[in-house]
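For this chain, numbers begin at 1 and follow the sequence in order. Note that the coordinates shown come from a computational prediction; the quantities given were computed from them, not determined experimentally.
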Amino acid sequence: MQSGLYVSLSSQMALEKRLTTIADNMANVNTTGFRATEVKFDEMVAATKNKLNTKVAFVSQGNDYLNESNGELQHTGNMLDFAIKGDAWFSLDTPAGRVLTRDGRFTLKDTGELVSIRGYPVLDAGGAPIQLNSKGGEPAVGTDGIIYQGDRQVGSLGLFEADISKGYLRYENSGIMTTDQPRAVVDRFNVGVEQGYLENSNVNAMREITQLIEVNRAFESVSSLMRDSEDSFKEAVQTLGGSR
């Protein structure tokens, strides 16, 4: 009976974590370049022994991972808006270090530096800030990320990849900092840049709402089960203790 309470408690902890991720996803349903957080739950079998030699399975607290599906591309017509086709990231130089992002809303400072919407320098494939000619006109960017002003090649947008499964931290809205060192993407025909487009969040709002309802119902069911188990345990103690 005690095992049942522990199993229920582990289930509630897992459900609470899923509720947190759903709430975060819903809050970022309109965030450019945002990738939804999913949670993987594993079964853990207790090492305790009993006369019946039965095993008790618990629910793990879950491991976060990013949904790597791409969001829909939205045409903006802004020459400083960029979207990535394929599995890659832009890289920004922030006060916290290098941050990967799929948010391609960039601007050009008076000094010619290409920066993110929050003012962080955008990096090229070598990890250096991209410097353009502030008076050279609007830049034209090919699908390979090469930047031109007029007929001159003046830089390139860095596209990076990293093994996110090794660990990551969220940075602000759509950025992530990875444990694995980001590497420049080279010679990948399935990765490219689209100028004048932005990538929408890949959060499926209807799916998240459905999961929210299911998780809430599951949480209520587990709570009810725990109350019933506690009542049964109290009744058993009173009966065995001779109070009845």
Side-chain angles (χ1 to χ4, degrees), residues 28-36 66-162 164 168 170-178 181-203:
N28 289 282
V29 69
N30 293 317
T31 299
T32 302
F34 183 83
R35 285 194 164 179
L66 289 185
N67 182 333
E68 297 184 11
S69 62
N70 293 342
E72 293 184 359
L73 298 189
Q74 177 184 355
H75 182 258
T76 65
N78 186 339
M79 298 297 283
L80 291 176
D81 283 344
F82 303 96
I84 298 176
K85 295 181 66 176
D87 189 15
W89 304 76
F90 297 117
S91 184
L92 308 175
D93 184 16
T94 76
R98 287 184 61 175
V99 169
L100 300 180
T101 184
R102 305 247 328 167
D103 184 351
R105 294 175 294 173
F106 301 151
T107 59
L108 197 61
K109 297 176 68 174
D110 293 338
T111 57
E113 190 174 26
L114 189 67
V115 298
S116 71
I117 194 171
R118 294 184 180 273
Y120 303 135
V122 182
L123 305 181
D124 61 19
I130 296 175
Q131 187 71 36
L132 305 179
N133 183 356
S134 59
K135 299 180 180 179
E138 288 187 329
V141 180
T143 56
D144 56 0
I146 301 298
I147 305 174
Y148 298 89
Q149 284 185 301
D151 295 329
R152 292 183 59 229
Q153 178 180 331
V154 293
S156 65
L157 282 174
L159 298 180
F160 296 84
E161 59 184 354
I164 302 174
Y168 71 94
R170 291 279 190 186
Y171 186 82
E172 294 184 349
N173 289 344
S174 59
I176 61 170
M177 302 180 67
T178 59
Q181 184 69 23
R183 300 169 299 279
V185 174
V186 292
D187 298 329
R188 288 265 299 276
F189 68 90
N190 57 341
V191 173
V193 176
E194 289 288 339
Q195 186 175 22
Y197 287 82
L198 290 175
E199 180 185 3
N200 293 330
S201 169
N202 72 350
V203 174

Close side-chain approach of [X] to [Y], heavy-atom, < 4.5 Å:
X	Y	result
I147	I130	yes
V141	F82	yes
K85	T143	no
P139	V154	no
W89	I176	yes
F34	R170	yes
L114	L157	yes
L159	F90	yes

**Fill in**
Between the CZ atom in R105 and the OG1 atom in T32, the distance rounded to the nearest 0.5 Å is 4.0 Å
**Complete:** Here the gap from E138 atom CD to L108 atom CG, rounded to the nearest 0.5 Å, amounts to 10.0 Å
Under 3.5 Å side-chain donor-acceptor pair for [X] and [Y]:
X	Y	answer
R102	N70	yes
D103	T101	no
D81	T76	yes

**Prompt:** With under 30° as parallel and over 60° as perpendicular, where do the rings of Y197 and H75 fit, or are they tilted in between?
**Reply:** perpendicular
**Request:** Would you sort out whether R35 and N67 count as a side chain to side chain contact (heavy atoms under 4.5 Å, CB included), showing the intermediate values?
**Result:** CA-CA 6 Å; R35 285 194 164 179; N67 182 333; 5.6 Å; no
**Asked** Where do L92 and V122 land on the side chain to side chain contact (heavy atoms under 4.5 Å, CB included) test, with the steps shown first?
**Response** CA-CA 5 Å; L92 308 175; V122 182; 3.9 Å; yes
